[in-house]
Number of protein chains: 2
Amino acid sequence: MVVQLPNYILERQQEFNQVLEAYINRINAPQRLKDSMLYSLEAGGKRLRPILMMTSCESYGGNAESVLPTAIALEFVHTYSLIHDDLPAMDDDNYRRGKLTNHKKFDEATAILAGDGLLTHSFTIISTDPTLSNEQKVFLIQKLSEASGPEGMVAGQLLDIQAEKSGVELNELEKIHRLKTGQLIIFAIVSGAYIGGATTKQLEALNKFAGYLGLIFQVQDDILDVTGDPDLIGKPVGSDENNFKSTFPKLLGLEGAKKQKQLYVDKAKEALRHANIKNSLLEEFTDYLSDRSY
Amino acid sequence: MVVQLPNYILERQQEFNQVLEAYINRINAPQRLKDSMLYSLEAGGKRLRPILMMTSCESYGGNAESVLPTAIALEFVHTYSLIHDDLPAMDDDNYRRGKLTNHKKFDEATAILAGDGLLTHSFTIISTDPTLSNEQKVFLIQKLSEASGPEGMVAGQLLDIQAEKSGVELNELEKIHRLKTGQLIIFAIVSGAYIGGATTKQLEALNKFAGYLGLIFQVQDDILDVTGDPDLIGKPVGSDENNFKSTFPKLLGLEGAKKQKQLYVDKAKEALRHANIKNSLLEEFTDYLSDRSY
């Protein structure tokens, strides 16, 4: 299979966005709540996690369409986490990707409820997916709730807030990102492969791979905050610095952060070798995320 | 089976609280997050929903113990909803049941995350319950996410906030409470009976019954806010009035609210007759909730 990754990503994005719209229209919620959920779902996300899930499924010969409901559930969870992270009590951000944050566009109460609604509805989506068996549904719900709950993403968010006050060492920064952004990326890749028919041993290798992929994604995020084009990244350069965020460049210097990223790339590719995948899409994704400019 | 309801409730409360503690201790989360979740879980709740679930299960010959994990998941969801409802952007309450609200005891960011964590972990609890079949888990997760999501409790909370600004008629007030408090009470009773082995037809009758039970609970809540003993209800009398809340006494007068409550009691008992239950516990519960003084 010879595929140009940027084209592949664009096609998958469009496929995903079309189905997403149908899922939102189906929700029977008060108009303002629905508007608020929709606003953040459509606020220009790259759909990285859903696309990784589709790619991972295809890597084992599965059909990308078969993961779409689960991918939508995952995007709901990711979107809820952004809405709550942006709240005044948390990161207090007015803009995300160049658009007003949810609580600025609506109000704080609506934003909290839109986040709660997205998170909760993700479990409705998986539990009512007509194409999955009950065994698959339970597996996916367990993994998604663990990845995003108090032992996963929510823990990472709390540790991240604490780190802004106290500062952290490299191993603690890695731990925060493994939880805060890593867990959902791991879920994307592992659950995509699971639906695609991967073995337990392959899932373990992918779990390791995806953990490094999440770190690559985060280091590059931090690097772009220093060196990126504000028009491309959708926020002013240096905003992490102003928010007292712990970042890889702050801990290691810009060159040190780049070296650390290369270390993660090497480890990711090493882990991927044990996942027995015939095509090179996930490997290409690794370089793509490492080198991305937005 | 002859049982004194207050004793029965007390026994079930103790049984539930013991198991709850084990479930919290098992969570591997950052200490502050765990403390915050635990604080609200142990802030003197009556455990109404878990007890109703146990009662409903026993009403069909099931074993009350068999619903405990699901009851704990439900109490997690209920507790999350209280934490988020109390936030400054929502009801802005400093006290609940005579104790500081979560964001006052900790801080707003921690309270938001504790709520998010409780909600998410409820789905981990059900999906990892070793005593349920996959079919049961999927049924329960679907019902719980629908009851608490953007078509259920979250919708009710949004409509409630809007009602504070605009005021509402009786049918709209009923709708708000059917969503905001009713859905979780319905889940408690229907899922308890489901685990206990009730038929689909019986579950439908219970769904109707529980809808009225939720309204009875809410009318009495509103009445107690006017006539109750502040030491017993754990908040100052008249706090709804000060919060511009729409209530049954405000719409119908105190006597009108009492009459409305009796109407719901009659309808609840009528629905219960179609549920084919041999013992009288759920009927006694109806009077108990209607006449409670706290």
Side-chain angles (χ1 to χ4, degrees), chain A residues 27-30 32-34 36-37 77 80-81 84 87-90 103 107-128 132-159 161-162, chain B residues 27-30 32-34 36-37 77 80-81 84 87-90 103 107-128 132-159 161-162:
Chain A
I27 300 175
N28 178 26
R32 183 175 174 80
L33 182 62
K34 210 165 151 171
S36 171
M37 289 163 66
V77 172
Y80 121 77
S81 78
H84 281 194
L87 287 168
M90 311 275 266
H103 64 276
D107 56 55
E108 233 182 293
T110 306
I112 293 169
L113 290 170
D116 293 343
L118 287 165
L119 169 59
T120 314
H121 198 66
S122 71
F123 296 103
T124 302
I125 292 173
I126 298 179
S127 61
T128 58
L132 297 173
S133 70
N134 284 330
E135 187 185 343
Q136 286 177 313
K137 289 177 187 179
V138 170
F139 177 93
L140 294 166
I141 287 165
Q142 182 189 337
K143 295 290 179 199
L144 180 59
S145 62
E146 286 175 349
S148 52
E151 301 184 352
M153 186 175 68
V154 169
Q157 178 63 7
L158 187 107
L159 295 176
I161 291 171
Q162 290 182 332
Chain B
I27 301 173
N28 178 24
R32 184 176 173 82
L33 182 61
K34 212 166 150 171
S36 171
M37 290 164 65
V77 172
Y80 122 76
S81 77
H84 281 194
L87 287 168
M90 310 277 265
H103 65 275
D107 56 55
E108 233 182 293
T110 306
I112 293 169
L113 292 170
D116 293 345
L118 287 165
L119 169 60
T120 313
H121 197 67
S122 70
F123 297 104
T124 303
I125 292 173
I126 298 180
S127 62
T128 58
L132 298 172
S133 70
N134 284 330
E135 186 186 343
Q136 286 178 312
K137 289 176 186 179
V138 170
F139 177 92
L140 294 167
I141 287 165
Q142 183 189 337
K143 294 292 177 195
L144 180 59
S145 62
E146 286 174 350
S148 52
E151 301 184 353
M153 185 175 69
V154 168
Q157 178 63 6
L158 188 107
L159 295 176
I161 291 171
Q162 290 182 332

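Per chain, numbering begins at 1; letters A, B, ... match sequence-line order.
Heavy atoms of B:Leu158 lying under 4.5 Å from chain A belong to its backbone as well as its side chain. Only the side chain of A:Leu159 comes within less than 4.5 Å of a heavy atom of chain B; its backbone N, CA, C and O stay farther away. The contact between B:Ile27 and chain A is made by backbone and side chain atoms together, counting heavy-atom distances below 4.5 Å. Contacts between B:Leu87 and chain A at a heavy-atom distance below 4.5 Å involve the side chain alone, from C-beta outward. The contact between B:Ile112 and chain A is made entirely by side chain atoms (from C-beta outward), counting heavy-atom distances below 4.5 Å. With a threshold of 4.5 angstrom between heavy atoms, A:Ile161 approaches chain B through side-chain atoms but not through N, CA, C or O. With a 4.5 angstrom heavy-atom cutoff, B:Phe139 does not touch chain A via any of its atoms.
With chain B as partner, the option from A:Leu118, A:Ile125, A:Asn134, A:Ile141 having the largest number of non-hydrogen pairs under 4.5 angstrom is A:Asn134. Most heavy-atom pairs under 4.5 Å with chain A: of the set B:Leu33, B:Thr110, B:Ile126, B:Val77, this distinction falls to B:Leu33. For the set B:Ser133, B:Ala111, B:Ala109, the count of heavy-atom pairs under 4.5 angstrom toward chain A peaks at B:Ala109.
More than 12 heavy atoms of other residues, nucleotides or ligands sit less than 6.0 Å from atom NZ of A:Lys34.
Sorted by first then second residue, the salt bridge (charged side-chain N to carboxylate O under 4.0 Å, His left out) pairs that include residues 107-126 of chain A, not counting sequence neighbours, are A:Arg32-A:Asp107.
Scanning both residues, B:Thr124 and A:Ser145, for their nearest heavy atoms gives OG1-OG, 2.7 Å. Taking all atoms of both residues into account, the shortest heavy-atom contact from A:Ser127 to B:Val138 is O-CG1, 3.6 Å.
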Do any side-chain atoms of residues 146-155 of chain A form donor-acceptor pairs under 3.5 angstrom with protein atoms, and if so which ones, sequence neighbours left out?
| residue | atom | partner | partner atom | Å |
| --- | --- | --- | --- | --- |
| A:Glu146 | OE2 | A:Gln142 | NE2 | 3.1 |
| A:Ser148 | OG | A:Leu144 | O | 2.6 |
| A:Glu151 | OE2 | B:Asn28 | N | 2.8 |

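Ring planes of A:Phe123 and B:Phe123: parallel class, angle under 30° (limits at 30 and 60°).
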